[in-house]
Amino acid sequence: MDYKSVKDIYGSLVFDSRAMKDSLNSDIYEQVISSMEGRQRLSPQTADIVAGAMKDWAMKHGATHWAHWFQPMSELSAEKHQSFILSGDDGSPMEVFRGHHLVQGEPDASSFPSAGTRSTFEARGYSAWDISSPAFIVPSPKGGTLCIPSVFLSFDGTPLDLKTPLLRSLEAVESRALKLLRLLGQRGVRGVKMTVGAEQEFFLLDRPRAQLRPDIRYCGRTLIGAQPAKDQKLDHHYFGAIPPRVLRYMEDVERDMARVGISILARHNEVARCQFEFAHLFSDANRACDQNQILMETMRKLARQHELRLLFHEKPFSGMNGSGKHTNMSLVDSEGRNLLKPSNSHRRNIIFLAFLSSVVLGVSRFHSLLQASVATYGNLFRLGGHEAPPSIISVYLGSALTDLIHRLDSSDVSLPEHGPMSLGLNKLPDIVPYDSDRNRTSPVAFTGDKFEFRAPGSSQSIALPVTMFASIWAWGIEEVTHMIEDLCADGRDPIDCALEAAREAFRKGSSILFEGDAYSSEWQEEAKRRGLIEAESIQARIDLLLKPENKAMLDGLGVYRNNELENLHEVRMNAFATGLEVEAAVLYDMLYEGVLPAISRQLILEKDALSAFDGVDFGDNAPWRDYISGLGQAKNALLLDARNLYELKGRLSAMNARERSDLLTGEILPLMEAIRWKCDAAELICASDIWPYPIYRNLLSLSA
């Protein structure tokens, strides 16, 4: 067992600035840092030196292979391992890893999601080193692999990944933020970075039990299952003591994350039984997206080692809370100042309001892109439920900021100062209260010094939601900047103009602001009146990607160019349809392999038992015979449903992704829900040793 402290192992397997400084001379190190900050390109000669240093460092830490590590549009990560050691001409081992290996790779691009832009016989693709995100080592029992974060492109340069648009969107928002800061007199600021922190929710089950269920194995959620007598109704699980078995797993995950320089900020029990959460520390947005992918991969690997089944699906259990991935975002300048943090300084508060209003203005105009970014197969079952934000996008600022916005006409930009809140006991400390309470029903909420986007699903890569939020923010900042420039044309102080521009931006974006209960039916009607409901189905929300003004904005920023947005639309529509198709096929198999035979066995058992009472008069009130008759009727009804399901599935093969999505959500999914209801009813009247699959009561239990 590794007894070293986290401090001793922290960052030991990441080739970050510390490792580079130790491995490179000062001149080469400065060139690399300059390239990381986007001030210059790395020369081939410098790339050779960096590659040699990176290889030596990786092999010293046990790595035997290297890989360009990228994120295709499947939302998982991909890697092709290549050896550091090859055979030389004389048969002796030779170390091979040069600058051109580091900078560019050529993985096969034919089998990744590409929306038909690649034929199976057109295989060439490119991976290219993303120097702004550090390489890291994934250890294995007999060595390890140096993973080099990269972008992934088709032969013609079309992005086939989520990182390329992300990097473009970050460039858009960060460059525009810097321009606005300089306009407002912040001349000493050298740059701005968008920062992100994600909250990863998940379920853990006992692996041997969970693997007995085909729906969990192949779909990541239960397609049938009656509610247990005790689920989450008593709220005993939330923030309760972490089960010892889970704590051991969490500690191993945290140590592996520490080795690659990722800090887990918090861990705790979530609301549903067997549901938990990790939150990792804020970092710049590109690295944060990579770090969340690394976290999810590490969690999967270690769950198997601990004989646990990890579920990232957004709704694994009917009638219980699902899992999301709240994504927190802000902007920080080169002086370390959070641009979304209110200040006691009049000037700083006006800068804060300029950036805050740019979010409100941008989201009010392009909220449909946020909807589209979280329109996934898993979120179909989560969004809109009372444990998740509604799919209608709104922005919550809190009572203090809302009051401040109403006072902007008076040029009063001060926030109220709160004294400490006394609890009436000397032995307890006074509490310093926040300006506003939280609104858990809001999809986009300002939480004191950042915006929290609560709609992303737990299985998603956060890259696309962050890309869309950054793009929207970049557009909003640009609009506010133009307003200030126009107002300053007569020589006025830009700070005074910024206050006026912020006031106008809040006015234009007011339709997106909502402080009340976003679950309420009244808000549904109000949102419709405000024009905030543009699509109600998942497939219609995916279609919002192709809304002309959305395409124009993203193309104007250079985030999605030419036909790249159409490619993304096709990939996501196909992924949505495929996820539901797999569920339909698995449910059909579970019916014939397990549920229907179980009902037959229960029927035989009951008929055999009843035959022992031949000649006994049960009278007119004969629940036993009614029970047997009910079992027979249940089986007959399920057979009819199974036949209908088979016929509907057969129609899918001749359809495109959009047509499949419509048939799946319009006819197949309602039929699957009807089948589920009948299966759950049958589960409750079949003997536990006859029912073929572990039931909720047994699944939702983790022994020490």
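Numbers for residues simply follow the sequence, beginning at 1. Reckoned from all heavy atoms, side chains included, excluding hydrogens, waters and symmetry mates.
- No side-chain heavy atom of F366 sits less than 4.5 Å from a side-chain heavy atom of S471.
- Between L380 and Q539, every side-chain heavy-atom pair lies at or beyond the 4.5 Å cut-off.
- The distance from the OG1 atom of T665 to the CZ atom of F576 is 5.5 Å, given to the nearest 0.5 Å.
- Atom NZ of K301 has more than 12 neighbouring heavy atoms from other residues, nucleotides or ligands inside a 6.0 Å radius.
- The two residues Q71 and S461 have their closest heavy-atom pair at OE1-OG, 3.8 Å.
- Between the NE2 atom in H326 and the CZ atom in R440 there is a gap of 8.5 Å [rounded to 0.5 Å].
- Across every non-hydrogen atom of S661 and M573, the tightest pair is OG-SD, 3.6 Å.
- In terms of modelled atom types and a separation under 3.5 Å, the side chain of N338 and the main chain of L340 share a donor-acceptor contact.
- The environment of K547 atom NZ is dense: over 12 non-hydrogen atoms of other residues, nucleotides or ligands sit within 6.0 angstrom.
- The minimum heavy-atom distance linking P443 with P390 is given by the pair CG-O, 3.6 Å.
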Problem - Criterion side-chain contact (heavy atoms from CB on, under 4.5 Å) on V582 and C219, from CA distance to verdict - result: CA-CA 7 Å; V582 170; C219 307; 4.2 Å; yes
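- Looking at K450 and T447, their side chains do bring a donor and an acceptor atom within 3.5 Å of each other.
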Practice task
Evaluate the side-chain hydrogen bond (donor to acceptor under 3.5 Å, both in side chains) criterion for residues Q460 and T376: first the C-alpha distance (whole Å), next the side-chain angles of each, then the deciding distance (0.1 Å), finally the verdict.
Solution key: CA-CA 8 Å; Q460 279 192 261; T376 65; 4.6 Å; no
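- A donor-acceptor contact shorter than 3.5 Å is absent between the side chain of D130 and the backbone of P149.
- D161 places a side-chain N or O within 3.5 Å of a backbone atom of T164 that can act as its donor or acceptor partner.
- Between the S358 side chain and the F355 main chain, a donor and an acceptor come within less than 3.5 Å of each other.
- E504 has a carboxylate O that lies under 4.0 Å from a charged side-chain N of R507, or vice versa, which qualifies the two as a salt bridge.
- With hydrogens and angles disregarded, no donor-acceptor distance shorter than 3.5 Å links the side chain of Y126 to the backbone of V151.
- The shortest distance between side-chain heavy atoms of E583 and L223 falls below 4.5 Å.
- Taking the charged nitrogens against the carboxylate oxygens, R382 and E201 have no contact shorter than 4.0 Å, which rules out a salt bridge.
- The backbone N or O of W473 sits nowhere less than 3.5 Å from a side-chain atom of R176 that would complete a donor-acceptor pair.
- Aromatic rings of H313 and Y377 (six-membered ring for Trp) have centroids within the 6.0 Å cut-off, being under it.
- A perpendicular orientation is assigned to the rings of F136 and W69, their planes being inclined by more than 60° (bins at 30° and 60°).
- Counted within 6.0 Å of CD on E647, heavy atoms from surrounding residues, nucleotides or ligands total more than 12; the atom is thus considered enclosed.
- Within a 6.0 Å radius of CZ in R41, no more than 12 heavy atoms belonging to other residues, nucleotides or ligands are found.
- Residues R676 and S318 share a closest heavy-atom pair of NH2-CB, 3.3 Å.
- Rounding to the nearest 0.5 Å places CZ of R572 at 7.0 Å from CD1 of I542.
- Between E566 and K551 there is a salt bridge, with a side-chain nitrogen of the basic residue lying less than 4.0 Å from a carboxylate oxygen of the acidic one.
- Residues L664 and E581 are in side-chain contact: their nearest non-hydrogen atoms beyond the backbone lie under 4.5 Å apart.
- M73 places a side-chain heavy atom less than 4.5 Å from the side chain of L162.
- A salt bridge links E526 with R529: at least one charged nitrogen is closer than 4.0 Å to a carboxylate oxygen.
- A ring-centre distance under 6.0 Å is found for F446 and F451.
- Taking both residues in full, the closest heavy atoms of V196 and A288 are given as O-CB, 3.5 Å, listed atom of the first, atom of the second, then distance.
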Exercise for the section: Report the C-alpha separation of L356 and L401 in whole Å, then their side-chain angles, then the decisive distance to 0.1 Å, and conclude whether the side-chain contact (heavy atoms from CB on, under 4.5 Å) test is met. Expected result: CA-CA 10 Å; L356 185 78; L401 282 176; 4.1 Å; yes
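- Atom CG of L663 and atom CE of M655 lie 4.5 Å apart (nearest 0.5 Å).
- Checking side-chain atoms of E659 against main-chain N and O of N656 turns up a donor-acceptor pair under 3.5 Å.
- Looking at heavy atoms from C-beta onward, R300 lies in side-chain contact with L76 at the 4.5 angstrom threshold.
- The existence of a salt bridge linking K508 and E479 is excluded, since no basic side-chain nitrogen approaches an acidic carboxylate oxygen closer than 4.0 Å.
- In summary, the side chains of Q275 and S323 do present a donor paired with an acceptor at a separation below 3.5 Å, with no hydrogens or angles considered.
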Exercise for the section: Please lay out, stage by stage, how Q200 and M296 fare under the test side-chain contact (heavy atoms from CB on, under 4.5 Å). Expected result: CA-CA 9 Å; Q200 180 68 61; M296 293 171 75; 3.7 Å; yes
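- Between the side chain of E515 and the backbone N or O of L397, at least one donor-acceptor pair lies under 3.5 Å.
- L369 places a side-chain heavy atom less than 4.5 Å from the side chain of L545.
- Put simply, CD1 on I477 and CG on L180 are 6.5 Å apart, with the number rounded to the nearest 0.5 Å.
- Nearest heavy-atom pair, A128 versus H68, reported as atom, atom and distance to 0.1 Å: N-ND1, 4.3 Å.
- Under a 3.5 Å cut-off, the side chain of Q293 and the backbone N or O of E75 do form a donor-acceptor pair.
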Handout entry: CA sep, side-chain torsions, deciding dist, call: L353, F506, side-chain contact (heavy atoms from CB on, under 4.5 Å)
Key = CA-CA 9 Å; L353 287 170; F506 282 126; 4.1 Å; yes
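- Within the 3.5 Å criterion, the main-chain N or O of D517 finds a donor-acceptor partner in the side chain of S520.
- The OG atom of S150 sits 9.5 Å away from atom CG of D290, with the distance rounded to the nearest 0.5 Å.
- Within the structure, the salt bridge (Lys or Arg N to Asp or Glu O under 4.0 Å) test picks out the following pairs touching residues 352-376 (sequence neighbours left out): R365-E549.
- Contact annotation: the side chain of E79 never approaches that of V138 to less than 4.5 Å [non-hydrogen atoms, C-beta and beyond].
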